[in-house]
Amino acid sequence: MPTSRIAFQELPPAVIAAVEKRTGPILKVEPANEGFNSEVAARVFTETESCFIKGMRADHRRIWTQRREAEVNQFLTGLTPELLWHTEEAGWNLLGFELLEGHHADYSPGSPDLPKVADLLRRLGEIPCPEIELRQAEQRLEGYAASAKDLDFFAGNALLHTDLNNANVLVDDSARLVDWAWATRGAPWLDAGYWVIWLMAAGGHTPDSAEQWASHVPAWSAAPSAGVTAFAVANAAMWQEIGGEDPDPWTARLVTAARNWATYRKSL
């Protein structure tokens, strides 16, 4: 479920003061509407600097995602905004990131962003998975796989983002991934597989054309066909659970895309 948002200005004065110790006096705040994981998300501007701030209450049930994102950032130079500071004050946990220029990736067919996203996933695949605590892909998909043996396909030691929502990809001269709350360790081809679903959900991509884009990511060539099918089936089950009986239009796109991909894979 999406996390409820509050405005940055509604934070306790002690929290805002702690932020200004790092940024200097804040002159302007722009709320960020994208994303679901943070209770606070805003772009803040001072006389000389700007940054993106996200955070949540220190006792939030998903506070571990905030700490995980802070921990993984140091390993992602050039792939994600730099973490400038991390503060905990008056019951709040806040991260301050480099504020990137650019636009959310356009996943529609023919978009000039698509090669840049493929290159981003290629570069991510070249980064050794850090020895930090991460969720395991096979554990995250355990409740959705068609059989227990399918989980072996998802295991591995690659660093994965796992949420290829186009709102999490900022594009300028190159593409960079934001929101690493769900960083995961698993098979190196899984992020390309997650991208297939988001490409189809964007509209205009068939399962075959979406997989053609996935094939631009080198790790995809090593993905076993049976494993890709198992992954598609597991994601269809996951999105069906998320959507429930009456999904909102945004979620319905993902439910349909995941289901159509699974149907295509099972027909091969």
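- Within the structure, side chain to side chain donor-acceptor pair (under 3.5 Å) contacts touching residues 184-193 (residues at least two apart or in different chains) are Arg140-Thr184, Asn157-Arg185.
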Item to check | Criterion side chain to side chain donor-acceptor pair (under 3.5 Å) on Asp248 and Thr251, from CA distance to verdict | outcome: CA-CA 5 Å; Asp248 61 77; Thr251 306; 2.9 Å; yes

Item to check | Stepwise side chain to side chain donor-acceptor pair (under 3.5 Å) test for Thr206 and Asp208 | outcome: CA-CA 5 Å; Thr206 64; Asp208 182 65; 5.1 Å; no

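- The hydrophobic clustering, which links ILVMFWY residues whose side-chain heavy atoms are closer than 4.5 Å, places Leu124 and Val196 together.
- With Asn166 contributing its side chain and Ala105 its backbone, the two residues share a donor-acceptor pair below 3.5 Å.
- Checking Arg5, Arg57, Arg61 one by one against Glu39, the salt bridge (Lys or Arg N to Asp or Glu O under 4.0 Å) holds for a single residue, Arg57.
- One finds the SG atom of Cys129 at 10.0 Å from the CD1 atom of Ile127 (value rounded to the nearest 0.5 Å).
- Summarising the local packing, CD of Glu126 is surrounded by more than 12 heavy atoms from other residues, nucleotides or ligands at distances under 6.0 Å.
- By the salt bridge (Lys or Arg N to Asp or Glu O under 4.0 Å) test, Arg135 pairs with no residue at all, sequence neighbours left out.
- Salt bridge annotation for Arg67-Glu71: absent, with no cationic side-chain nitrogen under 4.0 angstrom from a carboxylate oxygen.
- In this structure, Trp182 has its ring center under 6.0 Å from that of Trp64.
- Separating the NZ atom in Lys54 from the CZ atom in Arg43 is a distance of 12.5 Å, to the nearest 0.5 Å.
- In summary, Lys116 and Asp173 do not engage in a salt bridge, as defined by a charged side-chain N under 4.0 Å from a carboxylate O.
- Under a 4.0 Å N-O distance rule, the pair Asp119/Arg122 qualifies as a salt bridge.
- For Trp180 and His161, the ring centers are positioned less than 6.0 Å apart.
- Scored by the ring pair (Phe, Tyr, Trp, His ring centres under 6.0 Å) test, Trp239 finds no partners at all (sequence neighbours excluded).
- Rounding to the nearest 0.5 Å places CH2 of Trp92 at 5.5 Å from CG of Leu11.
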Checklist entry - So His86 and Asn93, side chain to side chain donor-acceptor pair (under 3.5 Å) or not? Walk me through it. => result CA-CA 8 Å; His86 179 199; Asn93 184 301; 3.0 Å; yes

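- Aromatic ring pairs are classed by plane angle as parallel below 30°, tilted from 30° to 60° and perpendicular above 60°; the pair Trp261 and Phe231 is perpendicular.
- Asn168 places a side-chain N or O within 3.5 Å of a backbone atom of Asp163 that can act as its donor or acceptor partner.
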